[in-house]
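One is the number of the first residue; the rest follow in order along the sequence.
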Amino acid sequence: MHLILFIFSPVKSCLDELSCLLNLADIQAALYELCWQVVQGNLKLDVVVSVLGDMMELRDDMPSVLADVFSILDLETGALEDKNKRDHYTQLVGACLIFVPEPILKERLDPETLESLGLIKQAHQFNQKIVKIKTKLFYKQQKFNLLREENEGYAKLITELGQDLSGNITSHLVLESIKSLIGCFNLDPNRVLDIILEVYESRSDQDEFFLSLIKSYMCEPITLCHILGFKFKFYQEPNEETPKSLYHIAAALLHHNLIELEDLYVHLMPLDAVIVEEHKRDISEAKQIARKLVMVVLPSEKSEDREKDKEKEEEKNEKPPDNQKLGLLEALLRIGDWHHAQSIMDQMPSFYATSHKAIALALCQLVHLTVEPLYRRAGVPKGARGCVMLPLKNTRAPRPAESFEDLRRDTFSMLCYLGPHLSHDPILFAKIVRLGKAFMKEYQSDGRADVKDKMETLLSCFLSIADQVLLPSLSLMECNACMSEELWGLFKLFPYQHRYRLYGQWKNETYSSHPLLVKVKAQTVERAKYIMKRLTKENVKQSGRQIGKLSHSNPTILFDYMLSQIQWYDNLIVPVVDSLKYLTSLNYDVLAYCIIEALANPEKEKMKHDDTTISSWLQSLASLCGAVFRKYPIELAGLLQYVTNQLKAGKSFDLLILKEVVQKMAGIEITDEMTSEQLEAMTGGEQLKAEGGYFGQIRNTKKSSQRLKEALLDHELALPLCLLMAQQRNGVVFLEGGEKHLKLVGHLYDQCHDTLVQFGGFLASNLSTEDYIKRVPSIDVLCNQFHTPHDAAFFLSRPMYAHQILSKYDELKKSEKGNRQQQKAHKYVTACEQVMAPVHEAVVSLHPARVWDDLRPQFYATFWSLTMYDLAVPQAAYGREVNKLKAQIKAIEENPEIPLNKKKKEKERCTALQEKLQEEEKKQVEHVQRVLHRLKLEKDNWLLAKSTKNETITKFLQLCLFPRCIFSSIDAVYCARFVELVHQQKTPNFCTLLCYDRVFSAIIYTVASCTENESHRYGRFLCCMLETVTRWHSDRATYEKDCVNYPGFLTIFRATGFDGGNKADQLDYENFRHVVHKWHYMLTKASVHCLETGDYTHIRNILIVLTKILPCYPKVLNLGQALECRVHKICLEEKDKRPDLYALAMGYSGRLKSQKVHMVPENEFHHKEPPARSTTPATQQNGPGSTGKPATSTSKTEEGTPEDGDRGKDKPQGTTKPVNKANSAVAKVATSNGNITSIKPKTKKEKKEKTPGSTPETKLENRREKQRDERTGKEERAAREGKEKTPKADREKLKAEEKNSKDDKAKAGNGEAVEPSREREGIKEFKSKEKGDRSAVSGSLKSPVPRSESAESERDQKRRKLDSHSSPSHSSSVKVSMA
């Protein structure tokens, strides 16, 4: 402040002194204080202005100093909120304009202040002008020589660099000239380097010269990098295109390590983050396009999408700047710098770089050059002429591969970076595939241990290339069938496990790895939908071609969609199979994989929602499998292994697939609905089976069955499949079927069993003898080690035995020449003994030792080893087929439309078939004769008599007959035929009568335990047994010829060593008719029981069995009426509950009604005697013409007694002697304890009766009826009187006896005379028989029982009661039990 006061002193002479005392800082502070007082309003403006004017004389630069003060105050006052102070400031500055120049103020003050002072017009314009001036001053290059360089020097430099370099000009000489020019003309070295690069860019073919020059010239790599970066930045504007020559020189400099990639990379555009975002955007757009193709789009949405697409196209019209990183990458690849190119690609998303065609082609070219020597040595196919490629001159490029091991160095990594974009170069694709084929051949042939690891590594590399490169590239190749076939040439050398793994990756993962593949997948699905919507039987050819074209590139996507459609619409199977004829081999293999994947889909349930049937999608796929694998050459190993694996896991659903494949490929059908003609043809040779044994004619299955056989043998699946199926049968019930519906369990069991039979039949008919014997182990190993059920084990071994016997027989015939029939038969027996002897020893271990007390192992093995082919010749079937062929030949001759050459071929074919059939028949006739001769020699040693006949029959039924009769339809026929054969051979110790009785009398348990298909077979077995019985029943002469004097129809068996004069009693014809009626009655009773249980399985099975035996049963009218009534009731009850039972019942009911005309009354079926009075009412049996003998007299021991033999001698001789003899020798059959129970003989009163037509006998009968009525009345009164005194249990017995006696009265009263009312009374009669049967059982229990049986439990006794039910309608009752 003191300075200010001093300034205002009047003594102006002191100014000179002041200027000497104060420095510049003090002056600036004084000026600032003075001006600030004015701003504050403390000093007057005019005084201060005058003082400031005087101070201008202190220094020359005082205006500038004052301007600086004004500048500071300008900033301070501008920040103040008080406007008065700002006004004071502007007034002060305005007053000082007289001694402060305007230019100085314009430099120092803010434009807004200048505008308020009026020094400038507008502050905005002033700012713009400043910017322009500054730009002009500091950024714009003037056209004069800044560095005092001379243009002549640059001209000489360009001339020097542009001269012809073909002579002796070297980079060293040129460098010396450049140094001279720089020194002479004072040239800037960096600019000289820039010019060198420019000239190099224009002469990019002179790499060697310029690179050497730059290497010699430059000092710092970073300088060169900055100059290159400046050049690249010049082209980073929109619509600018970076020249390829610049990329080339940058790549060359990188390749020769003159610059570092990291230094140059930062100058290139776009940024890596932008590239990543672009890649993500491409993927999202591709997925959106795929979603649109799949979705159903409304018309309004379509128009909106079109507008959006137009907007996007308009946005894309402005071309973005070049991707300089990709340009540099392409240049690096062109010169062979793989190291730097790999580094750049690593900075980008996968396959982003190679998605640009130029880069993909450049990389393909580099791979071409790398593999060329190895391809020429190992990959070029014979006869091919390839274009030889010259190697790169660049010595730093990747070294060419000379061996497969060299491919690991660079080639495999290049291919992996290339990925799906190898599709741009199909030639390179083919080269890689051919190299793969050459390697696989070397891999398979080279077994050296020292190179094994290397070969395995190379194999994994080729598999990776196939997964990551070849298959994705095939997807992007449009309809290239040649590449598909070429690729199959490699893939077929891989095991199917490797192939299917590749297909799985291709289908489920590859298509999501790249935007292009996402789009291709969506387009393929859309195209597949278009084709499948229009596919019909009529346009199969056109649609098939479209499918073929689409499948060449993307088979997995196409087949996946097609299979999904087939699973929904099974009517597409036929046209789809026909349309697949245009596929390549690779496509067929992919189809097999897709089918297996669809079958193994864990998201699909293999059962329908009701859990009782297999899902329709699985059935459709199985049907497709059979049709496709038969028609086209597709490898079966994968499918067969899949089924095997499923069986290992305890799952039997997929056996449906195997069943369909074998049926379609081998022509072997398994059905229980065969007609009798077909079944008869199935008992002949292979030719007869093919011609007459199946529903469809078996044609053209030779190739397909051969393929199936080879697949099974090559992969060792034949025996494992058989064993797994045999084991899985029980697994279905006990392991797999725990929570499943019983109907489904039965269906799965049948499917498993039928497939086993079908598959075993295929192996037996298609495998050679050596192959079959080599693979099937012995019977004891099958059963004991592999736990195969006995029936299945013998089923598998049976063809082996037949092959071995024939082979041995042929050997013996060749060794000993002799044509006599006896010699041939003897040799055949010898061959059988040699082959079967080990089998007889092996089967001993299959059962406990006590089994062999009755059955000899020889008998057991003989039963299980023979077939119907061995027992009978189907001459009628052969005759039918021969007649068909003759008729066919005649029709061909008479048809004028067939061309002559075709007529000739068809006639030759038919004639050849006819000759084959006749020759086959002749062979079978000879074979059957030999077998029967063998059996005749063996029969005496089949059965032992160590225990009772009943035990023998039980073991025969349990171990032989029942297991085999339900194995197959032919086995069912075989079992019935074998029983008849054993009878006809007069086999010792075999009771035919008891065997038949046991079969017919206890069917309830067997029927209840059968599955649906087993019921069909069991019904067929019963039908065949009934046919034999009916034949004997229908004609006395036939019966006497086939049964009389046969040991099987003995009724009394005597101990050995007894008097030979006592002949065993035979069952006469009439009593046999009684027995047959009893069997029919037992069948009816069992059938009614099953129908009335209400259980699904019982009803279904008995209806199936009844349908099968309809030709032979029922024959008796009242039994038929009883069945008809029960079946009608089933129809009413099940109509709305269980439709399948209703359909079965209705079908049987209709057929039963049609058979009604063939039924006969009971008195015509067997001779009914008038009812007679019994001395023991409690044991009386119901039925006309029969009375019950006391039960104590009905049992005889097996050893027999003298009384047994002399009983007939003590009887009076007379006219009734034959009748008495016949009646006394009524069939006596072994009961469950081994005793002989006679079929009850008539009482003495009955024996004395004459024929029932005489008048005295009628009167006698009337008197007897009156006496019976009186006696019955007395018994009823006595029972009523003693009712209260009798215990409850006794009262119930009395009630039962009363009821039975009433039934007897009713029957005796009606007799046979009520013929018109028999239909109306049929049901009542059957009910009364059932009631009478219960009383008969109570009477039969009074017979003496051996000590061993007296200790039986009550439960066993009850079971024996059930098994011992006898027919109440006649006196012939055969008591049998299944003990």
Side-chain angles (χ1 to χ4, degrees), residues 286-306 309 474-481 484 503 506-508 511-512 516-584 586-588 590-599 601 603-604 615-629 631-632 634:
K287 289 181 178 178
Q288 191 174 359
I289 291 171
R291 205 176 301 115
K292 284 181 182 177
L293 290 173
V294 174
M295 288 167 48
V296 178
V297 184
L298 299 174
S300 58
E301 294 176 357
K302 282 184 181 178
S303 58
E304 292 175 6
D305 292 339
R306 285 172 190 162
D309 292 340
L474 188 65
S475 296
L476 295 179
M477 287 184 184
E478 213 170 312
C479 188
N480 198 329
S484 179
Y503 300 152
W506 188 18
K507 178 178 179 293
N508 301 315
Y511 284 95
S512 59
L516 270 178
L517 292 171
V518 173
K519 292 178 185 175
V520 164
K521 179 179 179 179
Q523 291 165 358
T524 305
V525 171
E526 185 186 28
R527 184 64 183 163
K529 287 181 179 178
Y530 176 86
I531 296 171
M532 291 299 290
K533 282 179 184 176
R534 290 157 180 78
L535 178 62
T536 61
K537 291 181 181 178
E538 288 72 27
N539 64 357
V540 162
K541 196 170 185 180
Q542 296 84 352
S543 299
R545 285 174 175 158
Q546 294 175 339
I547 288 172
K549 288 180 180 179
L550 198 58
S551 69
H552 295 334
S553 304
N554 299 280
T556 56
I557 307 303
L558 171 65
F559 295 148
D560 188 50
Y561 180 76
M562 291 174 70
L563 292 174
S564 67
Q565 294 298 297
I566 286 172
Q567 291 172 51
W568 283 104
Y569 312 106
D570 57 356
N571 59 344
L572 277 174
I573 294 175
V574 174
V576 163
V577 171
D578 292 339
S579 68
L580 297 177
K581 66 174 77 171
Y582 300 101
L583 301 188
T584 62
L586 176 66
N587 296 343
Y588 285 130
V590 173
L591 176 61
Y593 165 76
C594 290
I595 289 174
I596 295 171
E597 189 186 51
L599 290 169
N601 188 354
E603 298 176 0
K604 289 223 169 195
S615 295
S616 54
W617 71 266
L618 182 58
Q619 297 175 13
S620 299
L621 283 180
S623 180
L624 176 74
C625 282
V628 165
F629 282 91
K631 191 165 185 177
Y632 302 109
I634 306 176

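- Of all heavy-atom pairs between Y588 and Y632, the closest is OH-CD2, 3.2 Å.
- Panel note: side chain S543, backbone V540; no donor-acceptor pair is recorded below 3.5 Å.
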Side-chain atoms of residues 577-584: list all donor-acceptor pairs with protein atoms under 3.5 Å, sequence neighbours left out, distances to 0.1 Å.
unit_1	atom_1	unit_2	atom_2	d
D578	OD1	K631	NZ	2.7
S579	OG	P575	O	3.3
S579	OG	V576	O	2.7
T584	OG1	S484	OG	2.8
T584	OG1	N587	N	3.3
T584	OG1	N587	OD1	3.4
T584	OG1	N587	ND2	3.0

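- For the pair L563 and A598, the tightest heavy-atom approach, listed with the atom from each and the gap, is CD1-CB, 4.3 Å.
- I595 and C625 get closest at one heavy-atom pair: CG2-SG, 3.3 Å.
- Summarising the geometry of Y511 relative to S553, their closest heavy-atom pair is OH-O, 4.4 Å, with the distance given to 0.1 Å.
- For Y503 and T556, the side-chain atoms include no donor-acceptor pair closer than 3.5 Å.
- With sequence neighbours excluded, no residue forms a ring pair (Phe, Tyr, Trp, His ring centres under 6.0 Å) with Y561.
- Using a 4.5 Å heavy-atom cutoff, the side chains of L535 and Q565 are not in contact.
- Under the salt bridge (charged side-chain N to carboxylate O under 4.0 Å, His left out) criterion, no residue pair touches residues 563-575, with sequence neighbours excluded.
- Closest approach of C479 to H552, counting heavy atoms only: SG-CD2, 3.8 Å.
- With rounding to the nearest 0.5 Å, the separation of OG in S616 from CG in L621 is 10.0 Å.
- Not a single salt bridge (Lys or Arg N to Asp or Glu O under 4.0 Å) links K521 to another residue, sequence neighbours left out.
- Distance CG/N601 to CG/L618: 11.5 Å, rounded to 0.5 Å.
- Note that the CD1 atom of I634 and the CG atom of L591 stand 5.0 Å from one another [nearest 0.5 Å].
- Nearest heavy atoms, S475 versus V520: O-CG1, 3.8 Å.
- Rounded to the nearest 0.5 Å, atoms OG (S564) and CH2 (W617) are 12.5 Å apart.
- Partners of E597 under the side-chain hydrogen bond (donor to acceptor under 3.5 Å, both in side chains) rule, at least two apart in sequence or in another chain, are K507, N508, Y593.
- Residue Q546 holds its CD atom at 8.5 Å from CG of N539, rounded to the nearest 0.5 Å.
- Residues meeting the side chain to side chain contact (heavy atoms under 4.5 Å, CB included) test with L550, sequence neighbours left out: T524, R527, A528, I531, L558.
- With hydrogens and angles left out, the side-chain atoms of S620 and W568 include no donor and acceptor closer than 3.5 Å.
- The shortest distance between side-chain heavy atoms of K541 and R545 falls below 4.5 Å.
- In this structure, the separation between CD1 on I557 and CD on E526 is 14.0 Å, given to the nearest 0.5 Å.
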